[in-house]
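Side chains are part of it too, since the values below use all heavy atoms of this structure and drop only hydrogens, waters and symmetry mates. In what follows, chains are A, B, ... by sequence order, proteins preceding strands, each numbered from 1.
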Protein chains: 2
Amino acid sequence: MDTEARAAVLKRSAFFHGLNAAIVDKIAAAALERLLKPNETLFQQGDPSTHHYIVAWGRLRLDQTTPDGKNIVLRFMGPGDLVGSVAVFRSIPYPATPTAVEETRVFQWTSDRMNELMSEYPVLAAKAMAMMGGRIGELQERLQQISTQQVERRIAAAILRIVAQSGRKTDVGVEIPFPLSRQDLAEMTGTTLHTVSRTLSAWIDEGVLEGKRSSHLVVLKPHRLMQIAEQA
Amino acid sequence: MDTEARAAVLKRSAFFHGLNAAIVDKIAAAALERLLKPNETLFQQGDPSTHHYIVAWGRLRLDQTTPDGKNIVLRFMGPGDLVGSVAVFRSIPYPATPTAVEETRVFQWTSDRMNELMSEYPVLAAKAMAMMGGRIGELQERLQQISTQQVERRIAAAILRIVAQSGRKTDVGVEIPFPLSRQDLAEMTGTTLHTVSRTLSAWIDEGVLEGKRSSHLVVLKPHRLMQIAEQA
DNA sequence: CGTGTACTTGAGGGAGTTCAAAAATTGTGG
DNA sequence: CCACAATTTTTGAACTCCCTCAAGTACACG
């Protein structure tokens, strides 16, 4: 990818959106790139945090492994999302592992380089705070859901969250444009793949969803899912 | 409280720690104060976010109410903690309600005033990011715990977290220096007060804890609690 | 003291996990 | 292109942790 193409991607990201075009060009020129194949990891949980990344295209799944070997999915990251920055700002090792779920291209900057950029363009600090604030809001929402809601509602909410972040409208409904396994959904909602499987089967029977293994999930009746997610 | 006393408090807070003394004095002079009696709220969830606050002394419980009337405790805030800032930075209504659990004094600054301070002293932006990063880390930890661990471990972890943030060593153990009900613990760990009550009763029998209603909880055997929290 | 609030304790039930196995789908190598 | 292996998904059955429901108890505060 050349600098111009990179700049075009960055201009669309929330982080750099609205910056003067010349500045974005300069930032784009300072970036290095990396291309990940499916199941490749960008870095490992526990590695020293050295770089900021932005997803150009593709999709990453952010996993956290517990000391006793269990796994949770913190979130999926798509084009424009910042990866690794929170750890770099805190000067702590990366707390999770980003894995490509499809071919994915990312841009990267060293911590020092990004610090220079941020002191040169203070608006970037505000953008970073907005990003972190959004992350906090999302985590609080999930904590509330998992604390108070039944499994079915949590699964519905998880699917709707992904749809809101990455959904693509088709003629029959909304498609989740990357592979999403029952295991992934289980690790996003704090349940087991068995329960997810049973729940999705019921929804497929009901005509709310469609999509089998390795074909992308399609939500046929988003309204019905919202109803399930919000039922008192 | 006079400006000098306020400045002394601010210098001890993580947010202003390390700043030039003259600057902190100026910031302290710009603050207004508010004194809350037990059960008074600083603001209400849903109110427009207009001010940043810092706890001078006392203790706040940060509650979030769900649309269907359930309640969760996001965290307790003590001296030096920033309250409300995340919402102000995001320009969204306060997402939760801080309630005093004991007599509490806070300082406050308007959003505009804080923006001036932050552009005048850019290091404050870095401090704010560190604070938000810490909040993200704490939320991710809790999400992981509630997703993968049994209730007993979560309750132990919640108590240990409070002990780490606010514990006071005494001759017999570590005291939690503010009233903490079973209901509070239940709303922190995503369980019911019944289960918390049973669990604490068992621990009191075992000699791990002590403290009845409205007297402060004392952890007699922190090591034992850590063992429970970390058991595979 | 009396009333309200917090806490304790018991019994029963149910949502969801765990264990187990089969079925479906994808990938692979001849 | 087909057979076989690997992986994901489905489904069944039993169990269990924890919630729900229901009283009763103890403590604090007016």
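- Nearest heavy-atom pair across B/Arg161 and B/Glu141 is NE-OE2, 4.3 Å.
- Residue A/Gln150 contributes atom CD, which lies 13 Å from atom C1' of D/dC18 at whole-angstrom precision.
- Each of C/dG16, D/dT9, C/dC7 was ranked by its minimum atom distance to the side chain of B/Ser181; first place goes to C/dC7.
- The CG atom of A/Asp184 sits 16 Å away from the P atom of D/dT7 (whole-angstrom rounding).
- Here D/dT8 presents its C1' atom at 13 Å from CD1 of A/Ile204, a figure rounded to the nearest Å.
- Between B/Arg182 and B/Asp184, none of the side-chain N atoms (NZ, or NE/NH1/NH2) sits under 4.0 Å from a carboxylate O, so this pair counts as no salt bridge.
- Regarding contacts with the backbone of D/dC19, a side-chain N or O of B/Thr192 is found under 4.0 angstrom from either OP1 or OP2.
- A salt bridge is absent between B/Glu230 and B/Arg153; no separation between the charged side-chain nitrogens and carboxylate oxygens falls under 4.0 Å.
- Rounding to whole angstrom units, CG of residue B/Leu180 and P of C/dA6 are separated by 13 Å.
- Map A/Ser215 and A/Arg154 each onto its nearest nucleotide of DNA chain C; the residue landing nearer the 5' end is A/Arg154.
- No option in A/Leu225, A/Leu200, A/Ile159 other than A/Leu225 meets the side-chain contact (heavy atoms from CB on, under 4.5 Å) test with A/Val208.
- Taking 3.5 Å as the limit, the base of D/dT9 and the side chain of A/His194 contain no donor-acceptor pair of atoms between them.
- Distance, A/Asn39 CG to C/dG27 C1': 14 Å, rounded to whole Å.
- Residue B/Thr191 places at least one side-chain N or O closer than 4.0 Å to OP1 or OP2 of D/dC19.
- Look at CZ on B/Arg153: it is 12 Å from P on D/dC18, rounded to the nearest Å.
- Taking 4.0 Å as the cut-off between side-chain N and carboxylate O, A/Glu206 and A/Arg224 count as a salt-bridged pair.
- A/Ser201 comes within contact range of the sugar-phosphate backbone alone, with a heavy-atom separation under 4.0 Å but no base atom that close.
- Across the protein-nucleic acid pair, B/Leu193 atom CG and C/dT5 atom C1' stand 12 Å apart, rounded to whole Å.
- Within the 4.0 Å cut-off from OP1 or OP2 of C/dG16, not a single side-chain nitrogen or oxygen of A/Thr195 is found.
- For B/Arg182, a side-chain nitrogen or oxygen approaches OP1 or OP2 of C/dT8 to under 4.0 Å.
- The distance from atom CG of A/Leu209 to atom C1' of D/dT9 is 15 Å, rounded to the nearest whole Å.
- Within 3.5 Å, a donor on the side chain of B/Arg198 pairs with an acceptor on the base of D/dT20, or the reverse.
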